[in-house]
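Data block below; observations after.
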Amino acid sequence: STQEAKDSGPWSKKESWDQIRRNLTRAQVRKILGNPHKVKLDLNPRIDQVYQYIGDLDADGIEDFGNVKFFRDRIVSFESPFK
């Protein structure tokens, strides 16, 4: 994917992250935020998958990160790039 595509898309909008809350499923998250740029495992046994969203949202040359952590297909925690 091109850098431009990573920096835009639903994940790059605060309104999208405002819809993210615990217990949503992976499918619901993909619908709201779009496909993650990376899917990772986590060392925490209570987390079985992490969706990572990475891009330069404000064009300042610094990457912004968002992540959503799942356990058994439900969000257990998340971190929005919009602090």
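As the structure is a computational prediction, the values presented were derived from the model and not from experiment.
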Min side-chain heavy-atom separation Thr25-Arg74 under 4.5 Å: yes

Determine the interplanar angle of the Phe70 and Tyr51 rings, folded into 0 to 90°, and report it as parallel if under 30°, tilted if 30 to 60°, perpendicular if over 60°. perpendicular

Should the pair Asp42-Lys69 be classified as a salt bridge under the 4.0 Å nitrogen-to-oxygen rule? yes

Please enumerate all residues that pass side chain to side chain contact (heavy atoms under 4.5 Å, CB included) together with Arg22, with sequence neighbours excluded. none

Quick check on the hydrophobic clustering: are Val39 and Tyr53 connected, directly or via other members, by side-chain heavy-atom contacts under 4.5 Å? yes

So, taking the atom named CG in Leu57 and the one named CD1 in Ile62, what distance separates them when rounded to the nearest 0.5 Å? 12.0 Å

So, taking the atom named NZ in Lys40 and the one named CD in Gln49, what distance separates them when rounded to the nearest 0.5 Å? 12.5 Å

Could you check if a side-chain atom of Arg30 sits within less than 4.5 angstrom of a side-chain atom of Pro36, using non-hydrogen atoms only? yes

Around Lys13, counting heavy atoms of other residues, nucleotides and ligands shown, do more than 12 lie under 6.0 Å from its NZ? yes

Using only atom types and a distance under 3.5 Å, with no angle test, would you say the side chain of Ser16 pairs donor to acceptor with the backbone of Leu33? no

Side-chain touch Val29/Lys31, heavy atoms, less than 4.5 angstrom: no

Taking all atoms of both residues into account, what is the closest heavy-atom pair of Gly66 and Pro81, and its distance? CA-CD, 3.8 Å

Could you check Ile32 against Leu24 for side-chain contact (heavy atoms from CB on, under 4.5 Å), going step by step and ending with a plain yes or no? CA-CA 10 Å; Ile32 296 168; Leu24 292 183; 3.9 Å; yes

If only atom types and distance count, is the side chain of Asn23 paired as donor or acceptor with the main-chain N or O of Val76 below 3.5 Å? no

Derivation of the side-chain contact (heavy atoms from CB on, under 4.5 Å) call for Asp64 and Asp58: CA-CA 8 Å; Asp64 300 287; Asp58 42 16; 3.5 Å; yes

Could you tell me whether the side chain of Trp17 and the main chain of Trp11 form a donor-acceptor pair under 3.5 Å? yes

Do Phe82 and Ile20 belong together in a cluster built from hydrophobic side chains that touch within less than 4.5 Å? yes

Cluster check Phe78, Ile47: I/L/V/M/F/W/Y, side chain < 4.5 angstrom: no

Rounded to the nearest 0.5 Å, what separates atom CG in Asp18 from atom CZ in Arg21? 11.5 Å

Check: Arg72 main-chain N/O paired with Asp48 side-chain donor or acceptor under 3.5 Å: yes

Do the side chain of Asp56 and the main chain of Gly61 share a donor and acceptor less than 3.5 angstrom apart? yes

